[in-house]
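Taking it in order: structure first as structure tokens, then the write-up.
Ligands are counted one by one from 1 in listed order, and the atoms in each one are counted from 1 as well.
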Amino acid sequence: MSSVVAFSAHIICNKIPGLTAIQRRICHVRPDAIVAIGDGAKLGIKECQRQFQSHRWNCTAIGSDSVFGHVVVVGSREAAYIYAISSAGVTYSVTQACSRGNISRCGCDRTKNGVNLRGNWKWGGCSADVRYGMKLSRKFLDAREFEGDARSLMNLHNNKAGRKAVKVSMLTQCKCHGVSGSCTMKTCWKTLPSFTEIGNFLMKKYHKAKKVVAFWDKLSSSKQPLRLHQRSKRRHRKPQSKDLVYLQRSPNYCEMDLSRGSFGTIGRRCNQTSNDIDGCNLLCCGRGYNTHQFTRTWQCNCKFHWCCFVHCNTCSERTEIYTCK
Ligand SMILES: *[C@@H]1O[C@H](CO)[C@@H](O)[C@H](O)[C@H]1NC(C)=O
Ligand SMILES: *[C@@H]1O[C@H](CO)[C@@H](O)[C@H](O)[C@H]1NC(C)=O
Ligand SMILES: *[C@@H]1O[C@H](CO)[C@@H](O)[C@H](O)[C@H]1NC(C)=O
């Protein structure tokens, strides 16, 4: 590492608020990776806000003064989603940066290259190294969950579910070889899907998130005898690592209650004709809504005259938007 890079890393790493000691150390020794980690955390939050834009809870995280900070909302399924999508975002962005050659210690995964499968195709080219992305995401994000309490176990579980979501969403792309595209031989490699695919995948997991409780495993000899298990008829059923887990029921997010992670829905824009969660009835929790009228104008009926000018009319339309009382 050049001294210039080391010096600017020193400044950047000391400026990011809310890093734990381990995270700060990773930042200092891996300044090229910290950019990808930061981009990944932002990617995750942006996708979360897109997925939840018409929900009562619109992915407003409380207490996150930095993208790396500890998100202080109750241990609800919304918290589960935030952790999973952030962890997926970091995994994704680091993996992508590796493929592009932007991180010095990683690149393409070529471990399987050359292996022939079923005669006419083989792995080749640049497969995205998702294992490296997962490893760095785990090292960095899991480093802030050191409390050893139920909530930190919940966060660790959801971080892992987020990393796995990236892994199972990977796509296989192939290229044909052979005389004039006859495809007698194919070369295939692993690539990342769009991040929205991963957001959608985790959204399904959000809807099916499992409620868990923490218990002390008295027989355990490990350093961490606290465990999470699902409420079920079978005793001590461990949640599956692909599932999102939560500890507390969500508030209804109707009223402002910062201590429970709710900003309320006053002032939120709603859809007057929808019966879904984005509709004024549900989004405004029955409080009613305000109607704002305004006139929208735009250029229309444009005609091209030979030669050379365009003549347009001005059209206008009265429109209304609705916001929750
Ligand atoms: C990769 O690194 C180059 C040079 O530092 C930079 O210009 C480019 O924006 C980076 N790309 C990504 C995706 O970070
Ligand atoms: C979420 O809703 C709050 C009001 O409850 C609003 O202030 C904020 O801008 C919204 N955020 C997004 C990303 O839409
Ligand atoms: C409002 O909801 C209706 C019915 O679900 C939908 O067709 C329409 O596009 C929505 N309008 C806006 C502005 O989202």
Side-chain angles (χ1 to χ4, degrees), residues 17-18 38-90 92-93 158 162 194-207 209 244 246 248-300 315-325:
D39 287 350
K42 279 186 238 148
L43 180 69
I45 294 299
K46 239 179 79 189
E47 177 62 20
C48 177
Q49 290 177 340
R50 206 185 62 77
Q51 294 280 355
F52 284 91
Q53 60 191 348
S54 53
H55 290 226
R56 285 181 188 161
W57 179 77
N58 64 356
C59 197
T60 323
I62 296 168
S64 54
D65 52 344
S66 111
V67 287
F68 300 130
H70 215 138
V71 186
V72 192
V73 285
V74 287
S76 60
R77 56 169 86 218
E78 288 72 36
Y81 190 88
I82 284 210
Y83 276 78
I85 196 83
S86 303
S87 155
V90 172
Y92 186 95
S93 160
N158 293 319
S194 73
F195 193 66
T196 297
E197 295 292 324
I198 292 160
N200 294 343
F201 178 89
L202 285 173
M203 206 58 188
K204 289 192 197 124
K205 297 283 174 202
Y206 162 81
H207 288 296
L244 300 191
Y246 65 98
Q248 285 148 289
R249 285 183 47 198
S250 306
N252 61 18
Y253 296 107
C254 284
E255 313 297 332
M256 173 110 112
D257 179 358
L258 298 185
S259 70
R260 302 208 63 205
S262 172
F263 275 103
T265 62
I266 293 174
R268 288 284 301 282
R269 202 167 151 179
C270 60
N271 182 333
Q272 194 204 25
T273 55
S274 168
N275 292 319
D276 215 338
I277 186 68
D278 63 336
C280 294
N281 195 19
L282 284 176
L283 188 69
C284 309
C285 308
R287 292 185 307 260
Y289 55 90
N290 294 317
T291 304
H292 312 263
Q293 294 183 322
F294 64 96
T295 308
R296 189 169 76 89
T297 60
W298 69 98
Q299 301 235 296
C300 58
C315 291
S316 66
E317 179 189 65
R318 294 191 58 74
T319 56
E320 293 181 338
I321 62 168
Y322 310 95
T323 59
C324 292
K325 281 188 180 168

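Nearest protein heavy-atom contact of atom 5 (O) of ligand 3 is Ser274 CB, 3.9 Å. At the top of the distance list for atom 13 (C) of ligand 2, counting protein heavy atoms only, stands Gln49 CD, 3.9 Å. Looking only at heavy atoms of the protein, atom 8 (C) of ligand 2 is closest to Asn58 ND2, 3.8 Å.
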Problem set entry | side-chain hydrogen bond (donor to acceptor under 3.5 Å, both in side chains) between Arg318 and Thr295, worked out | CA-CA 4 Å; Arg318 294 191 58 74; Thr295 308; 3.2 Å; yes
Exercise. Would Thr319 and Phe294 satisfy side chain to side chain contact (heavy atoms under 4.5 Å, CB included), going step by step from the backbone distance to the final call?
Worked result: CA-CA 6 Å; Thr319 56; Phe294 64 96; 3.2 Å; yes
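At least one protein heavy atom sits closer than 4.0 Å to atom 11 (N) of ligand 3.
Taking 4.5 Å as the limit, every side-chain heavy atom of Asn58 sits out of range of all side-chain heavy atoms of Gln49. Here the side chains of Lys46 and Phe195 are not in contact, with every heavy-atom distance at 4.5 Å or above. Residues Arg56 and Leu283 have side chains in contact (heavy-atom distance under 4.5 Å, counting atoms from C-beta outward).
Checked against a 6.0 Å centroid threshold, the rings of Phe52 and Tyr206 count as neighbours.
Using a non-hydrogen distance threshold of 4.0 Å, Arg268 registers as a contact of ligand 2. The closest approach between a heavy atom of Gly267 and any atom of ligand 2 is not below 4.0 Å. Using 4.0 Å as the threshold, Thr60 has a heavy atom nearer than that to some atom of ligand 2.
If you number the atoms of ligand 3 from 1 as listed, the ones under 4.0 Å from a heavy atom of Thr273 come out as 1 (C), 2 (O), 3 (C). Proximity to Gly264 (heavy-atom distance under 4.0 Å) selects the following atoms of ligand 2: 5 (O). Residue-ligand proximity, Asn271 to ligand 3, at heavy-atom distances under 4.0 Å covers atoms 1 (C), 2 (O), 3 (C), 8 (C), 10 (C), 11 (N), 12 (C), 14 (O).
Remark: SG of Cys285 is not found under 2.5 Å from SG of Cys324.
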